[in-house]
Amino acid sequence: MPWKAIGIFDSGVGGLTVLKEIVKALPQEDTIYFGDTARVPYGTKSPETVTRYSLEIASFLVKRDIKLLVVACNTASACSLEALQETLSIPVVGVIEPGARRAVSVTRSGKVGVIGTEGTIRSSAYAKAIKRMNPEVEVVTRACPLFVPLAEEGWTDNEVARLTAETYLGGLRDHGVDTLVLGCTHYPILKKVIGETVGDAVKLVDSAEETARTVAEILRGKALLRPGAELGNHHYFVSDVPAGFIRVGNRFLGGRLGDVYQVSLEEKG
Ligand code: DGL
């Protein structure tokens, strides 16, 4: 029996930070990644629209016979996880629960900051998940939309990045949070400047790392982990011309992407 791949999707290139952690944790697994580059960003769109896009992409990936779906996009996880879980018969893992769980276990002061896109923050998905796990924890949130283009532009360690981070995060720091959830695919790219802005005393929680751990746990629990030491294959699909995805993606992955194919969801659907 051939081992099936893990399906991963995002609104664009950002989910590669999640893919990177999954490959690090499970190097033997095959992956199929879909980046919706024709319709990015999701962070500014309504939950209904994001859910419609997410279901279309899930259907594309399920037809490629994946064994588990990772919703690498925080906005799609916040808006569409339930709809995806109700629709699909394979396990669906979002990035919100793993990040929230880690934040709850890390905080000592009981004050957690969460940053993300407008859509993610508006949904309160992180705050709800954290409160579900521990109602005592106080959650302070802040949308940081400009971090996405900064990360894609590669402006991760310059004056503009530092000023933007100070403007967004100064309030959170002053609020006394000791843990900050990086609730957007792009924010791990800005970890250095975010860390310097909030200070050493604040622990940064990377949802991508936690999600990779959750994926490994689920596959192990269902005996779906691929055995052996061989490295997995990775396939990439995008909905717009691949050039920009490849350029930014190589930087996000810190390596070279394999072949990237452009597909139309309508044709392939
Ligand atoms: N991938 C999105 C997220 O993690 C960020 C980019 C977008 O707005 O589509 O929320």
Side-chain angles (χ1 to χ4, degrees), residues 7-22 33-58 61 69-81 84 92-100 102-103 113-129 141-156 164 168 180-191 194 204-212 214 236-240 244-245 247-249 251-253 265:
I8 303 169
F9 82 87
D10 177 48
S11 54
V13 73
L16 292 175
T17 57
V18 180
L19 174 83
K20 186 178 174 182
E21 295 302 328
I22 291 172
Y33 182 95
F34 187 93
D36 199 3
T37 48
R39 302 189 289 197
V40 67
Y42 283 9
T44 51
K45 297 198 168 69
S46 70
E48 293 74 22
T49 299
V50 173
T51 301
R52 179 159 51 83
Y53 293 171
S54 299
L55 288 169
E56 284 173 15
I57 296 166
L61 288 170
L69 178 66
V70 180
V71 186
C73 179
N74 284 259
T75 310
S77 295
C79 300
S80 322
L81 190 69
L84 288 164
V92 184
V93 179
V95 286
I96 307 263
E97 290 276 328
R102 179 86 186 140
V114 177
I115 52 176
T117 64
E118 282 159 13
T120 299
I121 298 304
R122 206 184 321 116
S123 75
S124 303
Y126 271 106
K128 283 182 202 154
T141 62
R142 181 79 155 100
C144 306
L146 288 179
F147 281 169
V148 169
L150 281 177
E152 294 204 3
E153 191 62 28
W155 288 16
T156 54
T164 308
Y168 282 144
L180 181 63
V181 181
L182 307 180
C184 173
T185 48
H186 289 59
Y187 299 179
I189 304 291
L190 291 154
K191 230 180 205 171
I194 292 172
L204 302 184
V205 171
D206 183 341
S207 290
E209 286 172 11
E210 296 310 317
T211 302
T214 304
Y236 303 91
F237 294 92
V238 289
S239 50
D240 198 1
F245 179 86
R247 185 171 43 79
V248 181
R251 184 148 35 79
F252 274 36
L253 263 190
L265 289 180

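Atoms within a ligand are numbered from 1 in the order they appear, just like the ligands themselves.
S77 places a side-chain N or O within donor-acceptor distance of the main-chain N or O of V95, the cut-off being under 3.5 Å. In this structure, the side chain of S123 does not engage the main chain of C79 through any donor-acceptor pair within 3.5 Å. Put simply, the side chain of R251 gets close to the backbone of A151: a donor and an acceptor are under 3.5 Å apart. A distance-only check finds a donor-acceptor pair linking the side chain of S239 to the backbone of A38 [under 3.5 Å].
In terms of protein heavy atoms, atom 8 (O) of ligand 1 is closest to G43 N, 2.8 Å. For atom 1 (N) of ligand 1, the closest non-hydrogen atom on the protein side is D10 OD1, 2.8 Å. Among protein heavy atoms, the minimum distance from atom 6 (C) of ligand 1 is reached at S11 OG, 3.7 Å. Protein heavy atom in closest approach to atom 10 (O) of ligand 1: T75 OG1, 2.6 Å.
In terms of polar-atom proximity, N74 is counted as a contact of ligand 1, with an N or O under 3.5 Å from an N or O of the ligand. Backbone and side-chain nitrogen or oxygen atoms of Y42 are examined, and one is located within less than 3.5 angstrom of a nitrogen or oxygen of ligand 1.
Within ligand 1, counting atoms from 1 as listed, the ones closer than 4.0 Å to a heavy atom of C184 are 3 (C), 4 (O), 5 (C). Interface atoms of ligand 1 facing V40, defined by a heavy-atom separation under 4.0 Å, are 9 (O).
Taken from CG in D206 to OG1 in T17, the straight-line distance is 7.0 Å, to the nearest 0.5 Å.
For the pair G12 and ligand 1, no heavy-atom separation below 4.0 Å is found. The closest approach between P41 and ligand 1 falls below 4.0 Å for a heavy atom of the residue.
Residues Y42 and S80 have side chains that never bring a donor and an acceptor to within less than 3.5 angstrom of each other.
Between P41 and V148 the shortest side-chain heavy-atom distance does not fall below 4.5 Å.
Both the backbone and the side chain of T185 come within 4.0 Å of ligand 1, counting heavy atoms alone.
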task = In sequence, state the C-alpha distance, the side-chain angles, and the governing distance for I22 and Y33, and then conclude on side-chain contact (heavy atoms from CB on, under 4.5 Å).
result = CA-CA 12 Å; I22 291 172; Y33 182 95; over 6 Å; no
